[in-house]
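Chain naming here is simple, since letters A, B, ... match the order of the sequence lines and numbering starts at 1 in each.
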2 protein chains.
Amino acid sequence: MITLKQINYALSVSRNLHFKKAADECSVSPSTLSNAVTEMENQLGYEIFERDNKRVLKTELGKIFLESAQSIKLQIDDLEKLAHLKKEPLSHSLSLGIIPTIGPYLLPVVLPAIKKEYPLLNLTIIEGQSEVLVDKVKRGEIDTAILALPFELEGLLPFKFWEEDFFWISHKESKHALKKEISAKELEESELMLLEEGHCLKDQALEACKLSSNSNLNITASSLTTLIQLVAGKMGSTLVPEMALEQLLANNKLLSKAHLKETGPHREIALIIRSTYNGLRDIELLKELFSKELKKKFK
Amino acid sequence: MITLKQINYALSVSRNLHFKKAADECSVSPSTLSNAVTEMENQLGYEIFERDNKRVLKTELGKIFLESAQSIKLQIDDLEKLAHLKKEPLSHSLSLGIIPTIGPYLLPVVLPAIKKEYPLLNLTIIEGQSEVLVDKVKRGEIDTAILALPFELEGLLPFKFWEEDFFWISHKESKHALKKEISAKELEESELMLLEEGHCLKDQALEACKLSSNSNLNITASSLTTLIQLVAGKMGSTLVPEMALEQLLANNKLLSKAHLKETGPHREIALIIRSTYNGLRDIELLKELFSKELKKKFK
DNA sequence: ATTATATATTCGAATTTATCGAACATAAAC
DNA sequence: GTTTATGTTCGATAAATTCGAATATATAAT
């Protein structure tokens, strides 16, 4: 196997057509350089330079070799410069998982800022439930994911950037509907509807209320939007996280909201990564950006 | 300065995604390989693999690095093969891909001449569809391939050595069967059968007729021989390239042929190589030989 | 929980490889 | 014939690579 060092020596000889000058250029002794070039020629099975103590000429094959070698050297140089890519943060591709009870409400808030601050970032967004996303991050299929905690992270590291409470959404004509705040105890009396199994929001909502799932929760839905439609249709009431309120209640004058009066925060939102992940700096920056944009909108 | 040895180690890790397997593949101890990769990463200033004792993943920068590194390795391999150029042309080994709609008809015509003119040539022939062969040439797994154009060459260089038209093959009792020539317009009326998806001949035949594939092409076959049997069985008609006519129609008096009367040539046949391939002289010689032998037989 | 297994890494010793300077060989210039 | 410039050879020395044993740790099995 020939070496890059040998190639560089040969390129220097090619530039200088002079072993001593080339040796000086490479900061090695003439003997070192001569040996290196000769050794490479032996390995290749052909001569690159035709030389005696007075003249250095390129052979026909040598010209072909040197042209290609020069191109290879440039490519190696580029590989060494690749590090600069890393310097510019969030400038390459990043795959981001996000759960359905955060995605539609967080992304519209932060995407414009991401586009503006990191125009070079090539972001891929994958929606899925927490368990699936944790799995994908662990397997390296995606770089990071946005989850709501508490959730079993199986060794992954969380970077929290937001926390929020739940609000109780009911039909205006229902009991308690005009209250600004409501306690879990009062909730038990109403027909509480939550998302179908698999959504962490269901468990988190129940935990915030200190309820267990074997209470009167017969109706379940696959999205918050559906749940809200059920509430509007007087099928019962539900709990939604603060960031979803505006979007869900828009154009719907039949609904009223009340802050859930239980010790909180009711859910925390975090980016999760593998402990060995390299783009820690990128994650920190994303975290800051998310936090900043959310504060702008909600505080 | 990084070394080629380090690059090769990294490429092996990339193939295996496993340091121990890569170490075996490279015939070195795991520690040697681990140290070499780590050292290179330090020199580069970025990590190529994200790893712990259970998982090896490529980083974003690593993917970019490895792609380029693979290409560099190919170029180095080529430099090491340059020695052959010095020797008698077409005197070493050459691997040649060829597509199924050319191989059985071209090879019998040219192989005797190759054997006679270049007895030292050690020829390896690989049959496969165009897409696969383009890939193999790009990866350096084979030296060259014989394809029918037009086809997307992805930067590879074509050396055309033949062009030919399609002929319409039908059962003697079918409509138009006695014509010497037939136009695409008349074809539409018959039940045209072509090769299954993946064969470039299908697309080229359709293009020659200015037809799109959503016409009445329900029957597809995996070889021209099969197609001809279907025609003999009155299942419909088909189009075959000129060089295949003799072999396909031999001993079959039930079939008739008609020249496809559309502006052509309907397909062109070429050798393709990487632009950095060194055996250009060999390819030119092959091209000449192919062209000469085909003319002898068909003109 | 505990143990077993697999695997990447670290470390020090042994080996291999690279490098240097001095001596040598050779060809042109004076 | 002598001098000068230059590429190469050679042996001693310096530097690097490599290995195996020991280590650490994540996952799987019990």
B:M1 atom CE is separated from C:dT19 atom P, nearest whole Å, by 12 Å
Atom pairs under 3.5 Å, N or O on each side, protein against nucleotides 10-16 of chain C: can you list them with distances?
none

* Asked: What's the verdict on salt bridge (charged side-chain N to carboxylate O under 4.0 Å, His left out) for B:K58 and B:E50, showing C-alpha distance, side-chain angles and the deciding distance?
  -> CA-CA 6 Å; B:K58 300 172 196 173; B:E50 177 194 333; over 6 Å; no
### Message
Under a 3.5 Å cutoff, is there a donor and acceptor pairing between the side chains of A:T226 and A:S223?
### Response
yes
So which protein nitrogen or oxygen atoms get under 3.5 Å of nucleotides 25-28 of chain C's nitrogens or oxygens?
unit_1 : atom_1 : unit_2 : atom_2 : d
C:dT26 : O4'    : A:N53  : ND2    : 3.2
C:dT26 : O2     : A:N53  : ND2    : 2.4

Contact under 4.0 Å: A:Y9 side-chain N or O vs C:dA18 OP1/OP2 = no
Which of A:V134, A:L271, A:I269 passes side-chain contact (heavy atoms from CB on, under 4.5 Å) with A:L147? Answer is A:V134
dist B:I272:CD1 -> B:S130:OG (nearest 0.5 Å) comes out at 8.0 Å
A:L33 CG to C:dG21 C1', in whole Å, measures 16 Å
Between CZ of A:R274 and C1' of D:dA26 the distance, given in whole Å, is 14 Å
Relative to the ring of A:F166, is the ring of A:H266 parallel (under 30°), tilted (30 to 60°) or perpendicular (over 60°)? parallel
### Task
Check whether any side-chain N or O of B:R51 sits under 4.0 Å from OP1 or OP2 of D:dA26, and answer yes or no.
no
Here the distance between atom P of C:dA18 and atom CG of A:L4, to the nearest Å, is 13 Å
Rounding to 0.5 Å, atoms CD (A:E163) and CZ (A:R267) come to a distance of 12.0 Å
- Query: Is the shortest side-chain N/O distance from B:K5 to OP1 or OP2 of D:dT18 below 4.0 Å?
  - Reply: yes
Whole-Å distance, B:E41 CD to C:dT9 C1', equals 13 Å
CZ (A:F161) and CD (A:E268) are apart, to the nearest 0.5 Å, by 11.5 Å
Between NZ of A:K138 and P of D:dA26 the distance, given in whole Å, is 12 Å
Walking DNA chain D from its 5' end, the first of B:E39 and A:E154 to be reached, judged by nearest nucleotide, is B:E39
Between A:K20 and A:D24, is a salt bridge (charged side-chain N to carboxylate O under 4.0 Å, His left out) present by the stated rule, with each step listed?
-> CA-CA 6 Å; A:K20 189 176 186 316; A:D24 289 344; 3.7 Å; yes
Open item on the list: Could you go through A:R274 and A:E141, starting from their C-alpha distance and side-chain angles, then the distance that decides it, and tell me whether this counts as salt bridge (charged side-chain N to carboxylate O under 4.0 Å, His left out)?
Closed with: CA-CA 11 Å; A:R274 294 181 302 279; A:E141 289 174 24; over 6 Å; no
Under a 4.0 Å heavy-atom cutoff, the residues of residues 13-29 of chain A touching DNA chain D are A:H18, A:F19, A:K20
Between CE of A:M40 and P of C:dT17 the distance, given in whole Å, is 18 Å
- Using a distance-only test with no angle check, is there a side-chain donor-acceptor pair under 3.5 angstrom linking A:S93 and B:E60? yes
When rounded to whole Å, the CD to P distance for the pair A:Q6 and C:dA18 reads 7 Å
> Could you walk me through whether A:T276 and B:D52 pass the side-chain hydrogen bond (donor to acceptor under 3.5 Å, both in side chains) check?
Replying inline: CA-CA 7 Å; A:T276 54; B:D52 56 29; 4.6 Å; no
Residue pair B:E67, B:S71: steps toward the side-chain hydrogen bond (donor to acceptor under 3.5 Å, both in side chains) verdict
CA-CA 7 Å; B:E67 196 174 335; B:S71 146; over 6 Å; no
